[in-house]
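In what follows, every chain begins at residue 1, and chains take the letters A, B, ... in the order their sequences are listed. Atoms considered below: every heavy atom in the structure, side chains included; atoms not considered: hydrogens, waters and symmetry mates. Not measured: the values here are computed from a predicted model.
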Amino acid sequence: MSRYILQRLGMLLLILLGVLVITFVISRVLPGSAVEMMLGARPTEEQIAAVREQLGLDRSMPEQLLLYIGDTLRGEFGTSLLTKRPVLVEIAERFPATLELVFFSLILVVCAGIPMGVSAALHKNSTSDYAARSVSALGAAMPTFIVAMILQLVFSGWLGVLPLQGRIDGLIQLDYEFPTVTGFYTVDSLLAGQWAAFKSCLLHLIMPVLALSLSALAIIMRITRGMMIEALGEEFIMTLRAYGLSPRKVNYGYALKAALIPLLTVIGMTFGYMLGLSVVVEYVFDWPGIGGFMVGAIVRSDYPAVMGVTLVLASSYLIANLIVDLLHFAADPRLR
Amino acid sequence: MTAPLLEINDLRVGFRNRRAVVQVLHGVSLDIRPGEIVGLVGESGSGKSTTPLAMLGLLPANAVIGGQARFENRTLDIANPAATRKILGGRASLIFQQPLKAFSPYATFGRQLVDAISAQTGMSRTDAGKVALAALEDVQMPDPEGAMARYPHQVSGGQAQRVMIALALSCNPKLLVADEPTTALDVTVQAQVLHLIRELAKSRGIGVLFITHDLGVVAELCDRVVVLYAGRVCETAPVAGLFHHPQHRYTRALLGSMPHLGSAQAFETIPGSAPSPAALPSGCAFHPRCAAATERCRTELPQMVTTEAGRFACWNPVGSDKGRVV
Amino acid sequence: MSEAAVLPKGRFAGAFERVRGNAAFFVGVVVFGLIILVAVFAPLIATHDPLKIDFTAKLAAPSTAHLFGTDELGRDIFSRVVYGARTSLTIGLIVTVLSALIGTPFGLVAGYFGGRIEWAIMRMMDVFIAFPPLLLPIAITAAVGQGLYEAMLALTVSFFPWYARIVHGEAKRISGQLFVKSARAQGFSNLRIMFRHVLPNAWIPAIIQASMDFGYTILAAASLSFIGIGAKEPDLEWGLMVALSRSKFLDYWWVALVPGLAIFLTVFAVNLIGDGVNDMLDPKGDSK
Amino acid sequence: MSELLSVRNLVKRYETPRGTVHAVDDVSFEIPVGHSVAVVGESGCGKSTLALSVLQLVAPTSGQVNFDGTDLIGASRSALTRLRREIGVVFQDPASSLNPRMRVGDIVGEPLRVHEKLRGRSLHDRVTKLFNDVGLTADAMDRYPHQFSGGQRQRISIARALALEPKLIVLDEPTSALDVSVQAQVLNLLQDLKARKNLSYLYISHSLATVEYLADILIVMYLGRVIEKGPADDIFRDPRHPYTRLLIDSAPSLDPLNRRLSRPPSGEIPSPSNRPAGCHFASRCSRATDLCRKDPQPDEIERASNHRVTCHHPIGT
């Protein structure tokens, strides 16, 4: 263990604390509506007082904050005002769907965006470079919800080859019961050897993944290109060329490595970007993840649910950043 | 006299930018014999850092290159960097100014040495490792095995420069091009590195082109000197002759302005500063700064004159008395 | 080589030179200029009252009467999209300018003073940045309520830390330069050094960021409206127009697509300009 | 001989992850009025930190910096501002020592605007005179720093340093980034200004040759400590510390017929965060004995009048 990792861990905890403070502040901005939610239009004074006490709203702000932090760290996200079930349970049921969507999108973005960016950098100012940059410029300007709706229109409405929305065919889900292992339907159905279910899950994934990936792909490709060009301009690249290393080895063995290490941070940020954007994509495709759940909760002022989802998404992002830091540490000898 | 190892004639280099081509070298000729250390001296804008890159085929794609070159009696297509690199690769090695930037920070010295050696010689990685280790021993690297496992950020600039020299020597080159290899180093370390280069060049008969702005280093190290000004050679001569009897007015002025121990009196100074390659004066490019400039210097490009002591291009050399301003 | 090559250039020296021949930048400027004109002269350009409901003509296909057809309330889509340009440009402008104005002082102070002040400010910014983008504005609108102004507030709160971060990095770099050390050695006040020496050399990356963010702001605001937590009827906002037509989308796709393409076109033009600004002002742009 | 600046037992330590860096370790010296004191040493010897400590741009860990009768350390803000007008500074890199967004006339005039509240004609006249003092013409005032060559920029820096008519100028490697021919111009200018304006210099350099030209008093530093100090002529003629000798021997001569390379020094400077015990130079010293390697630091001893050396076995004993 090194100072670096301990430092990162310490920082992570500190920032988590800050995140809790912010969600606390946000959740206390309009507590009135929550009381209303629970009691209907015309509550009595006593009813209000009772609910306020139940929610801890009668205590001082610092006390409330400490209580809130304590509760949250113990996984007490409160009860959904809408479903009357614990928020944590609601989230636990839906979170794997969100992760599955984001995970497949991230794989697509990394596996397609980085090679495209590298190739554009290696053939700077060639036709393929301009093509890649144009696609990237178009992708970055397309609103994700429009991409999603165009996909639906073309592949579902006109061609009828892909399911419009949802995560799995309802009938298939009834026919094939596969046990939850990872929470990813694709993986679980495969593990259970149920091909029809697997195929259905896969087909349902295609459009949401594409919609979620397009703008991230544009960003990753653009940044990869820039970093690769920067890496190719380093002085040590000239040394290696001067000493007769093959272009292959110089480009992929040395320049790519120098570009990939800072790219780790970018990949981490892309993960966060897609977590946020998944809210929109889940909404369009009626994907049963926590993003869509949150949208519904906002509209109905179910603030424990909203804050729960916010915390879970923010923490996932923090954990992803920690993983990025660890990879960074493993890849960059200067940090050791 | 032995035949030259490398001979360059009328080397011209320009860089294309959006507007035009900026000519940096206007016909530089020089030669290096086996075992000889030739100093290439110049100030900023003189083209001294472009010359070695052109020679080794390392200029970027926007360079426009012309001229003739011969290496070991083979003609080089110097206008074609890739072809030049192919012929010179393995026979000519380069040492950079900033040794710590010349190595990838993400790989050990061992890996980078082995990659380079096996690329140049076609050896197996095991054999290349042995060669690398031997080369590190040759440059008196303390703890050579340990150095193989180290990353650039773990060593000092002086040690990194030793590794750079080891890399340069590991391929048994005939020619070593050193681009200001000691500028970033402290004086005591500079003295070590200069000594090392001299010993290795002499014991192995390697021709060295040593680029520097520091005349003191030239005096310590070189056998012969080529002085560049504004992309042209203004004088070339054996080192003792050049320092004691400079011919070109610029060489003379440069020597006079050089601070050195034991010179506690006022320096001679050269007024103004070196011209930018994009805006060269007419005639002799040095004339606006030259105290002895005549009308001819302002209009006519001086011709190269060969004497027994060397060659120079000056209309009004130090040896001639007319027009001399003291 | 020539030392001129490594020196910082004057403010815009060579900037326009670099952009000459950058066709994309000019396409961006022309398209964006047209969009601004449309926004400014919306009342002259619109063929119908964008709010006028006409059930007799609902969900009409594009025709000479209704250039882009009508929505499910029979409102003229062309006129609605024309007016929508006002909303989107206003959002982009206000959010971007506010974020930059709020974030810059934080970054400047942190970068110049360093030490504990820097640590405290930048960790605070890290907390904001720790939320996945788009999530923080969503959470804030959840609390402060849903509407156009609330969405703008939420976006500003989530964007300003990025400006603080960018200005911080640049201000820190500039503060380490010798001319700032000289200024301190000459006994100038911190305020003078920050505003006369550091800030003029540190704001360009923030401008680049702002030019890139303008489009993203419009996209984010449209997304918030689309999921129902931004603009509300009867606001004339493109994201909201798409959302309103979603239930009829598969059959009457132009109703959603026209405002969608308006967002795309605006963001695309703005991004082209942003790239151009980047190339012009970023000294590293030469290598791209 | 009155003292303009006196530095007493100055210490600056930094804490880093790799250990404590002793950048400046118990350094004392004086600058008499009208004299120039040069501090030489290789990278990591602490000479730049010393300069910054004197300027109060880094806060020393302990010690005194007494300028013209007042201790700068712990001086009130207003006292410090007043004293700073008396001390000019010229830094190394002419590319970064001038604000690229200001016209050079404004750069040179800024201290006059701020401290003497000069405006308009009187400001313009003073700036013109400063430009003339450093060999530039007044028509240069409206241009920006990037429009000048390195040598001209360094002249502008000097003009700025002279603006408030200081008594002392701190020169931190003022010529090391310049071409040889330009370096000579700047050194001559500095020498000339010193005589004309009765200036004192604290001159930081790694180049012994420029030091010999400009310095009256020489201080040689190694790993944060002063290992030899005294009149510059004495030290160059008769260095007593083996490290000073090594520095002099490592500097290239300008005579190819009288080369110094035949006996290269060995070893490198250890890291300032991990200095060897005993005399820090012992690991590289040909005269070192067990005494040097084990004992605490040798004390400073006076070899001749004002010529002091910190060595157990100084040369000439």
Side-chain angles (χ1 to χ4, degrees), chain A residues 11 14-19 21-23 25-30 33 124 137-138 140-146 149-150 152-153 156-157 164 215 225-226 229-230 233 269 271-280 283-284 294-295 297-299 301 303 306-307 309-310 313-314 316-318 321, chain C residues 24 28 123-124 126-146 157-158 212 215-216 218-220 222-229 238-239 242-243 245-246 249-251 253 256-257 259-261 263-272 275 284 287-288:
Chain A
M11 198 59 80
L14 194 79
I15 289 177
L16 188 64
L17 208 65
V19 166
V21 172
I22 290 191
T23 51
V25 170
I26 293 175
S27 67
R28 296 299 136 113
V29 168
L30 274 188
S33 63
K124 200 170 81 170
L138 294 171
M142 267 311 240
T144 299
F145 54 91
I146 290 294
M149 288 167 71
I150 291 177
Q152 283 182 327
L153 180 67
S156 213
L164 184 67
S215 56
R225 178 180 176 274
I229 287 174
E230 202 175 314
M269 287 173 70
F271 177 75
Y273 173 79
M274 294 203 299
L275 276 182
L277 208 56
S278 69
V279 176
V280 176
Y283 177 73
V284 177
M294 176 154 96
V295 175
I298 292 173
V299 177
S301 300
Y303 84 83
V306 174
M307 288 308 126
V309 173
T310 305
L313 287 178
S316 326
Y317 187 26
L318 280 177
N321 277 333
Chain C
R123 292 302 80 76
M124 214 165 83
D126 284 350
V127 170
F128 284 92
I129 287 171
F131 288 89
L134 213 59
L135 183 69
L136 188 59
I138 290 176
I140 294 173
T141 45
V144 300
Q146 293 100 54
V157 171
S158 43
M212 310 285 238
Y216 182 69
I218 294 176
L219 271 183
S223 302
L224 292 184
S225 300
F226 175 76
I227 58 177
I229 58 177
W238 292 332
V242 178
S245 62
R246 207 163 81 84
F249 168 64
L250 286 181
D251 300 316
W253 49 267
L257 226 51
L261 286 179
I263 302 172
F264 165 73
L265 203 63
T266 311
V267 175
F268 186 61
V270 168
N271 284 357
L272 292 182
D275 283 356
K284 278 191 287 180
S287 64
K288 283 178 188 159

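- Considering only heavy-atom pairs separated by less than 4.5 Å from chain A, the leading option among C:L219, C:V270, C:T266 is C:L219.
- Nearest heavy atom pair, residue C:P132 against residue A:A314, reads CD-CA, 3.8 Å.
- Interface remark: A:V280 contributes backbone and side-chain atoms alike to the contact with chain C (heavy atom separation under 4.5 Å).
- Ranked by heavy-atom pairs under 4.5 Å with chain C, the list A:A141, A:G276, A:S156 is led by A:A141.
- No other option in C:A222, C:G239, C:A256, C:A220 has as many heavy-atom pairs under 4.5 Å with chain A as C:A222.
- Taking both residues in full, the closest heavy atoms of A:V306 and C:A142 are given as CG1-CB, 3.6 Å, listed atom of the first, atom of the second, then distance.
- Both the backbone and the side chain of A:V284 come within less than 4.5 Å of a heavy atom in chain C.
- Neither the backbone nor the side chain of A:M274 comes within contact range of chain C, judged by heavy atoms closer than 4.5 Å.
- Counting heavy-atom pairs closer than 4.5 Å to chain C, the top-ranked of the candidates A:M269, A:M294, A:M307 is A:M294.
- A:I22 touches chain C through its side chain: at least one heavy atom from C-beta onward sits under 4.5 Å away, while N, CA, C and O do not.
- Both the backbone and the side chain of C:I227 come within contact range of chain A, judged by heavy atoms closer than 4.5 Å.
- Interface remark: A:L138 contributes backbone and side-chain atoms alike to the contact with chain C (heavy atom separation under 4.5 Å).
- Note that C:R246 lies in the cation-pi zone of A:Y283, set by a 6.0 Å cut-off to the ring centre and a 45° limit from the axis.
- Note that the CG atom of C:L136 and the OG1 atom of A:T310 stand 8.5 Å from one another [nearest 0.5 Å].
- At a 4.5 Å heavy-atom cutoff, A:L17 makes no contact with chain C through either its backbone or its side chain.
- Once rounded to the nearest 0.5 Å, the distance linking CD1 of A:I298 with CD1 of C:I138 reads 6.0 Å.
- Note on A:G157, A:P143, A:G18: by heavy-atom pairs under 4.5 Å with chain C, the leading option is A:P143.
- For the pair A:V295/C:F226, no side-chain contact is recorded, criterion being any heavy-atom separation below 4.5 Å from C-beta on.
- Between C:D126 and A:L14 the shortest side-chain heavy-atom distance does not fall below 4.5 Å.
- Heavy-atom distances place no part of A:A297 under 4.5 Å from chain C, backbone and side chain included.
- Between C:L257 and A:I150 the shortest side-chain heavy-atom distance falls below 4.5 Å.
- Atoms CG and CZ, from A:L318 and C:F131 in turn, are 8.5 Å apart once rounded to the nearest 0.5 Å.
- Rounded to the nearest 0.5 angstrom, A:L164 CG and C:F249 CZ are separated by 9.5 Å.
- Of all heavy-atom pairs between C:G260 and A:I146, the closest is CA-CD1, 3.3 Å.
- Rounded to the nearest 0.5 angstrom, A:L153 CG and C:D251 CG are separated by 9.5 Å.
- Two residues are said to be in side-chain contact when any heavy atoms from C-beta on lie closer than 4.5 Å; C:V242 and A:F145 meet this criterion.
- Between chain A and the residues C:D275, C:L224, C:I140, the largest count of heavy-atom pairs under 4.5 Å involves C:D275.
- With chain A as the partner, the residue from C:P137, C:A130, C:A243 showing the most heavy-atom pairs under 4.5 Å is C:A130.
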